[in-house]
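Here the structure is laid out as C-alpha cells; the discussion comes afterwards.
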Number of protein chains: 2
Amino acid sequence: MTPAAQIDDVYAMKRKSPPKKSLTRKAASRAASIDADILPTLLGYNIRRAQIVLWRDFARTVADGEIRPGMFSAIALVKANPGIAQVELSTELAIDKASMVGLIDRLEDAGWIVRTRSQEDRRRQGLTLTPAGEKMYRTLKREMLEHEQKFAALYSESERKQLVTLLRRLHDAQP
Amino acid sequence: MTPAAQIDDVYAMKRKSPPKKSLTRKAASRAASIDADILPTLLGYNIRRAQIVLWRDFARTVADGEIRPGMFSAIALVKANPGIAQVELSTELAIDKASMVGLIDRLEDAGWIVRTRSQEDRRRQGLTLTPAGEKMYRTLKREMLEHEQKFAALYSESERKQLVTLLRRLHDAQP
DNA sequence: TATTGTTATACTCTATAACTATA
DNA sequence: TATAGTTATAGAGTATAACAATA
C-alpha cells in the first residue's frame, strides 16, 4: 500500500461524496463548509507530510533502517568538523544538549564516534569519527545521495534550488 | 537563546575558522573538504529543520502546547468529515492505524471527539466532534492561522503558493 | 480471506529539571 | 555565575506483530 499516493484521491472522493456514515445528523449538516480544505493549504501541514515521506524513504534507503536522519546529520557534522563539541552540535542541529547525549551514546556504542575530553577546556567533549565511523560515513553518504536523488528528480534544478531557498528562509526565521 | 537564528552564523564561523580543538590531527587534516557543506544543500535536511521550527512555534502558539500538529490535523479532518472512520484518518494523515488509536484515545479523553460504532458496518468507529470539540476547534483554528501567518509573512503570495506546490509534489511522490 | 480496530511492545525524538565538573 | 555534559523523567510519535470482531 502507498498511503501518500492516495491522499489527493481521498480529498477528491471526499469532495465529491461526503461520508454517509455520519451518526450525528447535526454535526454532518454543520460541516462541508470551508473547513474541508484548510489543511492542504497550510505550510505546516505540507511540510509535515513531506517530512514523513522523506523520513520513511530515508529509513528504507539508508543503512537498512539502522540510522535515522538525526544520526546521519550528527555524523556528517562531526566528519566536517572533527573535534566539535556536543553543545555546538546541539546548536547546529537545533536540538537540546540533553537530547544530544543519547544520540552520541548510540553513535559511540556503535563504534563510529569517540568522545575525547578537551585539554584546553576540560568541560568539553571533542567528537571525532573512528576509522569505522569514517568508513560508515562513506557508505551512508552514498545511500543518502541516492535517497536525495529520488526526490530531487521530482524537480528541475531551478525548482530544487528555489525549494531549498524558501525552506531556509523558514528555518532561519525566529518568529 | 534562539538556536535556529544562529545556524548560518555558525556555518560562517566554521568556514572562516575551522575548530582548533580537534584531538586527532589525522582526522582534522582529512576534513574541511566538500563534506562541510553537504547538509545545507539537502532537501531532507532543510525540510527537517523547517519542520522543527514550525513544530516549536506551533507548541508555543496553539492550545498552550497541549495540542500537537498531529492532533490538530485529526480534529480538523473530523470537523471536515464527520463520521469519518479511523482507518480513513490514518490513510489521510499517512500514519499507521495502530498509531491512530492512541491519538483518538487522547482526543476522546479530552472530551472533544466521540467514537460511535457504525450500524451499516459494525467494524467501523465513526468519529465526530462533541460540542466541546467544536468549540475547541474554533479556538484552535484561530491560533493555528495566527501561527501560519507568522511564517506565511516570510513570503510573497506567489512564493508561498510555489512552496506549497513544490512540497505537495514531494509528499505525493511514491519513490 | 480481508478489513477495522485494538492491545502489547519497543524505539526514537524531544523537552525540562536537577545535578557534576569545570571555567 | 555561567557553561558543558550528564542523568532522570516524561510524553509524543511511530512501527510491527498478533488478536477479535465483522464483512
Side-chain angles (χ1 to χ4, degrees), chain A residues 1 3 21 48-49 51-60 62-63 65-74 83-110 113 115-127, chain B residues 1 3-4 19 21 48-49 51-60 62-63 65-74 83-110 113 115-127:
Chain A
M1 230 195 307
K21 317 256 182 209
R48 190 156 151 278
R49 292 292 310 276
Q51 157 82 345
I52 291 173
V53 170
L54 285 165
W55 185 275
R56 283 187 190 146
D57 186 74
F58 187 100
R60 245 180 288 132
V62 181
E66 293 298 303
I67 295 274
R68 242 42 64 85
M71 294 174 82
F72 176 82
S73 298
I84 191 172
Q86 286 181 205
V87 69
E88 289 166 350
L89 218 50
S90 303
T91 306
E92 191 79 12
L93 298 174
I95 65 173
D96 193 84
K97 67 195 166 99
S99 308
M100 184 56 68
V101 175
L103 208 170
I104 301 297
D105 281 349
R106 265 171 277 140
L107 296 176
E108 201 173 38
D109 289 349
I113 274 188
R115 289 167 159 111
T116 318
R117 207 101 231 172
S118 163
Q119 292 310 307
E120 292 95 333
D121 180 345
R122 295 190 42 72
R123 290 172 305 181
R124 299 178 138 244
Q125 296 271 46
L127 302 174
Chain B
M1 229 195 309
K21 315 258 181 208
R48 191 157 151 276
R49 293 293 310 275
Q51 156 83 343
I52 291 173
V53 169
L54 286 165
W55 185 275
R56 283 187 190 146
D57 186 73
F58 186 101
R60 245 180 286 134
V62 182
E66 293 299 305
I67 295 274
R68 243 41 67 83
M71 294 173 82
F72 175 83
S73 298
I84 190 172
Q86 287 181 203
V87 70
E88 290 166 350
L89 218 50
S90 303
T91 305
E92 190 79 11
L93 298 175
I95 67 176
D96 193 86
K97 68 194 163 98
S99 308
M100 184 56 68
V101 175
L103 208 170
I104 301 298
D105 282 349
R106 265 171 275 139
L107 296 176
E108 201 173 38
D109 290 348
I113 273 187
R115 289 168 159 111
T116 317
R117 206 101 231 174
S118 162
Q119 293 308 308
E120 292 95 335
D121 180 344
R122 294 189 44 70
R123 290 172 305 179
R124 299 179 137 243
Q125 295 273 43
L127 303 173

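Since the model is a prediction, treat every value here as computed from it, not as a measurement. Protein chains get the first letters and strands the later ones, always in sequence-line order, with residue 1 at the start of each.
In this structure, B:Val101 reaches the bases: a heavy-atom distance under 4.0 Å links it to at least one base atom across the strands shown.
In this structure, the CG atom of B:Asp105 is 10 Å from the C1' atom of C:dT7, given to the nearest Å. One interatomic measurement links the two molecules: NZ of B:Lys97 to P of D:dT14, which rounds to 16 Å at whole-angstrom precision. If you measure from atom CG of B:Leu93 to atom P of D:dA12, you get 17 Å, rounded to the nearest angstrom. Rounded to a whole Å, the CD atom of A:Gln125 is 19 Å from the P atom of D:dT3. Atoms CD1 (B:Ile104) and C1' (C:dT7) sit 16 Å apart, rounded to a whole Å. Atom-to-atom, CZ of B:Arg124 to P of C:dA2 comes out at 19 Å; the value is rounded to the nearest Å. Taking atom CZ of residue A:Arg117 and atom C1' of nucleotide C:dA21, one finds them 8 Å apart after rounding to whole Å.
Within the 4.5 Å cutoff, no side-chain heavy atoms of B:Arg48 are placed close to those of A:Leu54. A 4.5 Å side-chain heavy-atom check between B:Ile95 and B:Leu103 finds at least one atom pair inside the cut-off. Side-chain contact check for A:Arg56 versus A:Ile52: some heavy-atom pair is nearer than 4.5 Å.
Within the structure, a side-chain polar atom (N or O) of A:Gln86 is placed less than 4.0 Å from OP1 or OP2 of D:dT6.
Annotation: side chain to side chain donor-acceptor pair (under 3.5 Å) contacts of A:Gln86 (sequence neighbours excluded): A:Arg115. Partners of B:Arg122 according to the side-chain contact (heavy atoms from CB on, under 4.5 Å) rule, which considers only residues two or more places apart in sequence or in another chain, are B:Arg117, B:Gln119.
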Expected rows: protein N/O vs nucleotides 20-23 of chain D N/O, under 3.5 Å:
from: D:dA23; atom 1: OP1; to: B:Arg122; atom 2: N; distance (Å): 3.0

Distances under 3.5 Å between nitrogen or oxygen atoms of protein and nucleotides 10-16 of chain C:
from: C:dC13; atom 1: OP2; to: A:Arg106; atom 2: NH1; distance (Å): 2.9
from: C:dA15; atom 1: OP1; to: B:Arg56; atom 2: NE; distance (Å): 2.7
from: C:dA15; atom 1: OP1; to: B:Arg56; atom 2: NH2; distance (Å): 2.5
from: C:dA15; atom 1: OP2; to: A:Asp96; atom 2: N; distance (Å): 3.1
from: C:dA15; atom 1: N7; to: A:Ser99; atom 2: OG; distance (Å): 3.2

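At a threshold of 4.0 Å, the pair B:Arg60-B:Asp57 counts as salt-bridged, since one of the basic side-chain nitrogens sits closer than that to a carboxylate oxygen.
Shown here for A:Pro69 and A:Phe58, the closest heavy-atom pair between the two residues is N-CE2, 3.5 Å. Contact record, B:Leu93 with B:Met100: CD1-CE, 4.1 Å, taken as the closest heavy-atom pair.
Rounded to the nearest 0.5 Å, atoms CG (A:Leu127) and CG (A:Leu89) are 6.5 Å apart.
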